[in-house]
J.: 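Structure in structure tokens, see below.
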Amino acid sequence: MLRQQDVGHRIVVRRIVGIHEGRPLFTDALGELVELNETHVTLVTEQGRLRVPVGEVHRAKRVPAARRPTASAVVALELAADEAWPAPVRDRLGDWLLRAADGWTGRANSALPVGDPDRPLPAALDAVERWYAERGQPAMVNTPLPLAAPVGAELDARGWSGRPPVLVQTIALAALPPAPPERAGLPPVELAAAPSDDWLAVAAGRKGGLPDAARHVLTAVEQLRFAEVYADGELLAVGRGSVTGAGRWLGLTLIEVLPHARRQGLATRVLRALTDWGAALGATHAFLQVEQRNTAAVALYRSLGFSTHHTYVTRVRP
């Protein structure tokens with residue numbers, strides 16, 4: 001049977017769905033285990049979220065992880081994420097993207113090596129180093145894995161360091177669990193097309209300042225909403241949602257709850273407000289990026305059914 005350490009992994013559940021001529025009838029479900037308690041086993045399947053009473057479980061076990069996403073799927077998601085977090089200074093090296101935003105966040109200040117750079121790999125990385133040196137910034141390369149593993153190997157040989165791994169997590173919006181009923185007295189989640197000064201102050205505190213380039217990164221997306229939760233005039237939680245990738249992808253960024261307001265479900269409510277908005281625009285999937293070491297956030301997103309599509313590591317020139 002299953003154990004708590006199986007949560008977050010792919011499982012198969014054989015459940016009893018009836019009796020025919022004195023013999024039990026079974027059906028199998030395959031998906032990611034997102035919750036396990038004394039009464040139910042909850043998993044996310046390709047058809048959506050499935051909650052199976054423990055009394056109906058005949059057998060359940062962990063199975064090997066699903067196949068890795070195709071290279072084209074990783075490229076498409078990385079490009080949608082780039083659209084959702086647009087650097088104000090951009091250039092191309094063949095298919096590779098070169099991005100700069102006054103040093104504000106690694107994502108907006110790193111090369112994205114997807115596709116063909118139109119030259120041998122060592123020469124491409126030499127060009128990346130020159131491009132960032134001309135702008136007075138340290139050269140950085142965002143390496144989606146395993147797609148950019150050859151790039152990573154070349155950077156290893158050059159002695160580049162790596163920042164903590166980041167999980168790129170996704171979910172089909174149809175697989176999100178139903179939103180819990182609103183309780184009386186809870187402050188509403190408000191969505192706006194532009195960030196308020198309070199919202200920007202939270203972002204500045206989290207990201208260490210807010211240069212002009214940061215405002216471009218945050219606002220230069222056509223389909224965009226900023227979420228806020230206030231109580232008694234105090235901002236308690238924020239979030240940002242963007243729809244990119246030809247309208248398919250809802251990007252969730254800067255989901256933040258002030259420390260004294262945590263453990264009240266505010267992050268989930270912000271996320272649900274943004275996913276409802278994205279779904280209304282026609283988005284079918286959501287993505288977010290979270291550091292692997294941020295175990296609290298990873299657990300929250302796992303409980304909602306998010307799973308890891310791929311990872312990336314931001315590499316930094318010594």
Side-chain angles (χ1 to χ4, degrees), residues 65-170 207 213 217 242 244-246 248-249 251 253 285 287-294 298 306-318:
R67 291 185 301 172
R68 289 174 174 170
T70 64
S72 61
V74 173
V75 170
L77 181 48
E78 283 292 328
L79 293 178
D82 173 69
E83 288 181 55
W85 201 252
V89 179
R90 305 170 67 82
D91 207 343
R92 282 194 173 271
L93 189 68
D95 295 329
W96 288 18
L97 296 176
L98 306 177
R99 307 171 293 189
D102 292 343
W104 195 77
T105 77
R107 277 177 286 168
N109 291 275
S110 57
L112 181 61
V114 296
D116 183 357
D118 284 344
R119 65 203 72 193
L121 179 56
L125 292 174
D126 289 343
V128 169
E129 292 182 1
R130 288 194 300 271
W131 192 86
Y132 284 98
E134 289 168 0
R135 287 154 182 79
Q137 292 187 207
M140 296 195 293
V141 176
N142 183 325
T143 55
L145 299 172
L147 178 68
V151 177
E154 177 67 21
L155 295 176
D156 287 340
R158 295 179 180 224
W160 287 42
S161 61
R163 291 183 174 177
V166 174
L167 308 179
V168 181
Q169 299 204 306
T170 63
K207 296 294 187 181
V217 172
S242 56
T244 60
R248 179 190 182 195
W249 287 104
T253 50
H285 291 72
F287 76 89
L288 53 85
Q289 297 162 322
V290 58
E291 283 194 3
Q292 187 175 38
R293 64 185 179 180
N294 188 349
V298 171
F306 281 84
S307 60
T308 299
H309 186 271
H310 65 277
T311 64
Y312 73 77
V313 175
T314 300
R315 304 298 299 271
V316 183
R317 184 179 184 274

J.: Any chance you could measure F306, atom CZ, to L288, atom CG, to the nearest 0.5 Å?
T.: 4.5 Å

J.: So do R119 and W96 actually touch side chain to side chain, heavy atoms under 4.5 Å?
T.: no

J.: If you define the side chain from C-beta out and look only at heavy atoms, does anything of T308 sit under 4.5 Å from Q292?
T.: no

J.: Closer than 4.0 angstrom, basic N to acidic O: yes or no for R130 and E134?
T.: no

J.: Do L98 and R92 come within less than 4.5 Å of each other through their side chains, counting heavy atoms only?
T.: no

J.: CG/L125 to CH2/W160 distance, rounded to the nearest 0.5 angstrom?
T.: 6.5 Å

J.: Going by an N to O cut-off under 4.0 Å, is there a salt bridge joining R90 and D82?
T.: yes

J.: So, taking the atom named CG in L77 and the one named OG1 in T244, what distance separates them when rounded to the nearest 0.5 Å?
T.: 8.5 Å

J.: Kindly give the heavy-atom pair with the smallest separation between A101 and V217, and that separation in Å.
T.: CB-CG2, 4.0 Å

J.: Applying side-chain contact (heavy atoms from CB on, under 4.5 Å) between V151 and each of L145, V128, L121, V114, report the one that passes.
T.: L121

J.: Could you check L79 against L97 for side chain to side chain contact (heavy atoms under 4.5 Å, CB included), going step by step and ending with a plain yes or no?
T.: CA-CA 9 Å; L79 293 178; L97 296 176; 4.0 Å; yes

J.: Does a side-chain heavy-atom distance below 4.5 Å link T314 with R107?
T.: no

J.: If the plane angle is over 60° it's perpendicular, under 30° parallel, otherwise tilted; pick one for W85 and W104.
T.: parallel

J.: Taking all non-hydrogen atoms of both residues, which atom of V298 and which atom of E291 are closest, and how far apart?
T.: CG2-O, 3.9 Å

J.: Go through it in stages, so that I can follow the logic: the residues are L167 and Q289, the test is side chain to side chain contact (heavy atoms under 4.5 Å, CB included), and I'd like the CA-CA distance, side-chain angles, deciding distance and then a yes or no.
T.: CA-CA 6 Å; L167 308 179; Q289 297 162 322; over 6 Å; no

J.: Could you check if a side-chain atom of S110 sits within less than 4.5 angstrom of a side-chain atom of L112, using non-hydrogen atoms only?
T.: no

J.: Any idea which heavy atoms bring R99 and A87 closest together, and the distance?
T.: CB-CB, 3.7 Å

J.: Are R158 and P318 side-chain neighbours, meaning at least one heavy-atom pair lies under 4.5 Å?
T.: no

J.: Could you check whether any side-chain heavy atom of Y132 comes within less than 4.5 Å of a side-chain heavy atom of R317, counting everything from C-beta outward?
T.: no

J.: Could you report the tightest heavy-atom contact between D116 and D118, atom names first, then the distance?
T.: OD1-N, 2.8 Å

J.: So which atom in R315 and which in G152 form the shortest heavy-atom distance, rounded to 0.1 Å?
T.: NH1-O, 3.4 Å

J.: Hey, could you give me the CD/CZ distance between E78 and F287, rounded to the nearest 0.5 Å?
T.: 9.0 Å

J.: State, to 0.1 Å, how close G106 and R163 come at their nearest heavy-atom pair, and which atoms those are.
T.: CA-NH1, 3.8 Å

J.: Does H310 reach the side chain of L147, with side-chain heavy atoms less than 4.5 Å apart?
T.: no

